[in-house]
Every structure is written in C-alpha cells, then in structure tokens.
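These notes are about the structure you will find just below.
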Amino acid sequence: MVMFTAPKGVPEYFPPRSAAFLAVREALSAPAQHAGYEYVELAVFEDTGLFVRGVGESTDVVSKEMYTFTDRGDRSLSLRPEGTAGVMRMVVEQRLDKGALPIKLWYAGPFFRAERPQHGRYRQLQQVGIEAIGIDDPALDAEVVALADEAYRMLGLTQFTLNLTSLGCGACRPEYRERLTAFLDSLELDEATRERAALNPLRVLDDKRDEVQSKLIDAPLMVNHLCADCSDHYDLTREYLRAQGVLWTEAPRLVRGLDYYTKTTFEFNHPLLGAQSGIGGGGRYDGLMASIGGDSLSGIGFGLGTDRTLLACEAEGIDVVQGPRIDVFLVPIGSAARLVAVRTLAQLRAQGVRCDMSFGERAMKGAMKAADRSGAPVVLIIGEDEIEAGVVTVKNMEDGTQSTVPLTDVVTFVSSKAQIIPSERQHRS
RNA sequence: GUGGGUGUAGCUCAGCUGGCAGAGCGCUGCGUUGUGGUCGCAGAUGUCGCGGGUUCAAGUCCCGUCACUCACCCCA
C-alpha cells in the first residue's frame, strides 16, 4: 500500500490549529479593510516573464526558487513567488489605474518558493498583502507601515520589531551603488561574498557573519546619500509615523530580496522565530508598473507572513482563538427525541446560534462525552422523559446545574442566552 | 545547493558497555440501565523509518538509503 504525504515544505493546518491560522489571517487584513482597502482575488500562476521583469532576473527568488512549468500551449508559467507583481499586472490589465487614485487593494493566499524548508520557511507560504497604487505621498508610506504594525498589535504580539530605511530611487541609488562597490572592492572578501557583491552589492550589507560585518563598519550607507527628493520623502514618512505612534528602528543596512523596492523599505521581525525571523515586510516600488508595461505609477505595499505570524503568536503564548467554537450542543436520546433535536437545531441555527448535536445511536453517557468535547457551554438534553413532558433539560456545563424549559420556549430561551455568551469573551482591546 | 541533528505506540519521549518493547498523555470500557469534565479500576495499539552487514543474539554496533529537522543561503 502506498502512503501519500503532502509535498515537502507544505504546511497544512487542521483542527485545532487551523482555527488559529484563520484567525491570524483575518487579523492581518482587518486593519487594511477598515482603512478602505478592497479585496482582490489573484491568479496563483502567471506568465513567467511577469516575475522575471517585475521582481528581477538577478534575484534569488526568480533565478532559482520559482516553480516554473510549460503548459500544453508551450507557455512558460510560474507559481507566484510573491504578490505585488500580480497585483500590478491586474491593475494594468483591468485599467484600474484609469479610475480614482490611489487604488488600495488587499489579498491573501498561498505563494510558492522552491527553497530548503526550515522552521518558518516553507515552499508553500501564506501571505496577506496590501498595495496602495498611483499616488506618491509619504502619508501612504506611513499608512501602510502603520497598518501592519496595527495588525500585529491587534493579535496581541508585543515582542516584534520594525526596521525601517530608505533605499533611494533611480536618481540617487546608482551613484551610491558605485560608491559601495568601490568600497567593497577595497576589502578582502571570500569568493561567495564577492559574487554576491557583483550581483547586488547592497546584499552584502546585511551579511550575518561577524567577521564580515566588522569589515563593513565604514561602509557607505544609502540613507546618507539620498537625493533631495528621497530625503524629503523619508523625513515626511517618519514624521507621519511618529504622528501615529508607530515605533521603529533605523536600519540603514536593511536589504530586501526583490529588485523593485525604492525609497521607503521596512521589515517586521520577531526574536522568537529563529533564523527565519521576518514576519512581514514591504516598501515602495515606484518603477514596477512601468517595468511590466504599464504607466509610470508609484506604489507601496506590504506582505505579511501568515504562517510566521501564527508561529510568533504561539511563541509568545497568545491564544489567538478565544472561547468555544459552538454555543450549544444537543443530546437527543431515542428516535422521537432525535426528530425534535433536528428541528430545534435548525431553528437555533436560523437564529444565528452556533450549535451542533450528538449523531449516531449513542447512549446518554457517550452523547454527553461528545457534548463535553464540543466545548459548548450549554447542552440541551432531550430524552424520553422530556418528550413526554414537552420540555427540554438545559444543562450548564461549567457548573453542572440544569433546569427544564418548555419545548415551545427553548429556541427563544437559548438564543437570548447565546447572545450573552459571546460578549463574555470579547477580543482584547 | 552546502553542513549538523533526529527517526521507537495516535502524540511527547525513555530505552546505559548488544540479552523478553516501555512511560506519560490521548483513546476504549467499567464504577453510574438518563449525565460530560474531576477521581478510581481495567483494556487496546508497534514493520523500533527502510535495505543490507557484523553477531549465538541488533531498537542498540557498521554501511547505504529515505524522511523529518536546525543552520548557511534566501526570505514571509
């Protein structure tokens, strides 16, 4: 017999953790939804050329981590390794850029990178992302960063950090890049590092090794060589962040792996996640739309890692899912009671009460055990005695007390009671 | 792609210099013929990852292989 397993590096979520995953995904997008961002459902695979031109041919993500295949029409397609390029393609293709600006969009779903799996690093990874396109205003940079910060804080995370910098633009970065290259050429570096420097010298700046970092103390930094436009933009962005009470660390050596980033760039990290500590990141990408054949519209956005954020919550001991998953559980004993239970269950659900019942010919003991495992705080027992008396026994599972309610009143009685239960477990403020 | 670690019950793991396959949790039943959770008692569950070798004897030692995992790299 063959035993099938999920492909390597694909995290799956099943009860009870799947509920936490869902709650994290909801929490990550909630602040953006409150801020007017609208949902988009994107293609999960795209023309390979979109990522080559948009994300950048020299990036690791595109050059060696894409799942690329040829379809029956000999088209080269790739599973999306990130979301921004696809959003920009949609905006250009659907002419969304001809409407009101800025275009504010959010998305969520799986992305794919053929990497060696590790704690928090998966081949199928889940992200929640937002993009604000078409207006080059530092207030939007600040909004995007603040929405990510708000999402993490809403979940109850306290230990994450925000690293922020500016990567400059097409006007000032090439000059800086030359300066940095000249500096790196003057150092004695190992071959792998030299190759990295040739491909993207900025990448060398965030090398983790102390022996490399010690040589970089005097390295020129982008933030000290910004043009007037980039410098003003960064100053205003920080002023607006301060105005919203967002705290951050200046990270002049922060580098991102995707070529399209310009100006404001940021990364959220969590110290309890090990090597893969980035729980979210993003930045401005003013040249991206033009590079894939659209107008020269600016944009800024983030991608937040749903898997890693869940890991971060677990590492901080946060219960993302609070309270029971249902409010009421029905325990019918005997066929007459079962009919009553099926009808009552439907009526309760129509009232919006979350409820379930014991299925199968279970004896009272087994049915009560099922009731207990459901987590429902209230159990309705419907047996032969109750049927005969025209009542339902209502049991409080926390203190074990019970009372009888006429069958005709039970839906009203329970639904008014169920209204109270959710308020007892409101989200932290 | 490179390096390290680990594979034993559903889960978490113990098993010493080779000598009868174990614990906790969970699961099932009973204590209570209409009451869960707590408590007590009883019970079920193994290709010791897989293949080969050494040995009277291998979960244990050796070789190979696969899987998982941590780190490099990269990134969410």
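Side chains are part of it too, since the values below use all heavy atoms of this structure and drop only hydrogens, waters and symmetry mates. Within every chain, numbering begins at 1; the chains are lettered A, B, ... in the order of the sequence lines, protein sequences first and strands thereafter.
- Contact annotation for A/F268: no contact, since no heavy-atom pair falls under 4.0 Å across all strands.
- Residue A/R256 places at least one side-chain N or O closer than 4.0 Å to OP1 or OP2 of B/A76.
- Comparing atom distances between the A/D60 side chain and each of B/U35, B/G37, B/C74 picks out B/C74 as nearest.
- Considering only residues two or more places apart in sequence or on other chains, A/T84 meets the side-chain hydrogen bond (donor to acceptor under 3.5 Å, both in side chains) condition with A/E131, A/Y260.
- Using Watson-Crick or G-U wobble geometry with both donor-acceptor distances under 3.5 Å, B/G64 finds its partner in B/C50.
- You'll find that the side chain of A/K365 is closest to B/G36, out of B/G34, B/A76, B/G36.
- Taking the side chain of A/R116 as heavy atoms from C-beta on, and the options B/G3, B/C68, B/U32, the nearest nucleotide is B/G3.
- Nucleotide B/A23 is matched to B/U12 when pairs are restricted to Watson-Crick or G-U wobble geometry with both distances under 3.5 angstrom.
- As judged by a 4.0 angstrom heavy-atom cut-off over every strand, A/E82 is placed among residues making no nucleic acid contact.
- At a threshold of 4.0 angstrom between heavy atoms, the contacts of A/G400 include nucleobase atoms, whether or not backbone atoms are also involved.
- Within the 4.0 angstrom heavy-atom criterion, only backbone atoms of the sugar-phosphate kind lie near A/K8; the bases stay farther away.
- Picking from B/C75, B/C73, B/G34 the nucleotide with the shortest atom distance to the side chain of A/R121 gives B/C73.
- Taking only side-chain atoms of A/A275, from C-beta outward, the nucleotide of B/A76, B/C72, B/C74 with the closest atom is B/C72.
- Comparing atom distances between the A/Q127 side chain and each of B/C75, B/G36, B/A76 picks out B/A76 as nearest.
- Between the P atom of B/U38 and the CZ atom of A/R373 lies a distance of 10 Å, rounded to the nearest Å.
- Considering only side-chain N and O atoms, A/Q118 lies under 4.0 angstrom from the phosphate OP1 or OP2 of B/A71.
- Side chain of A/D307 to backbone of A/Q126: a donor-acceptor contact under 3.5 angstrom is found.
- Residue-level contact check: A/E195 touches neither bases nor backbone, having no heavy atom under 4.0 Å from any strand.
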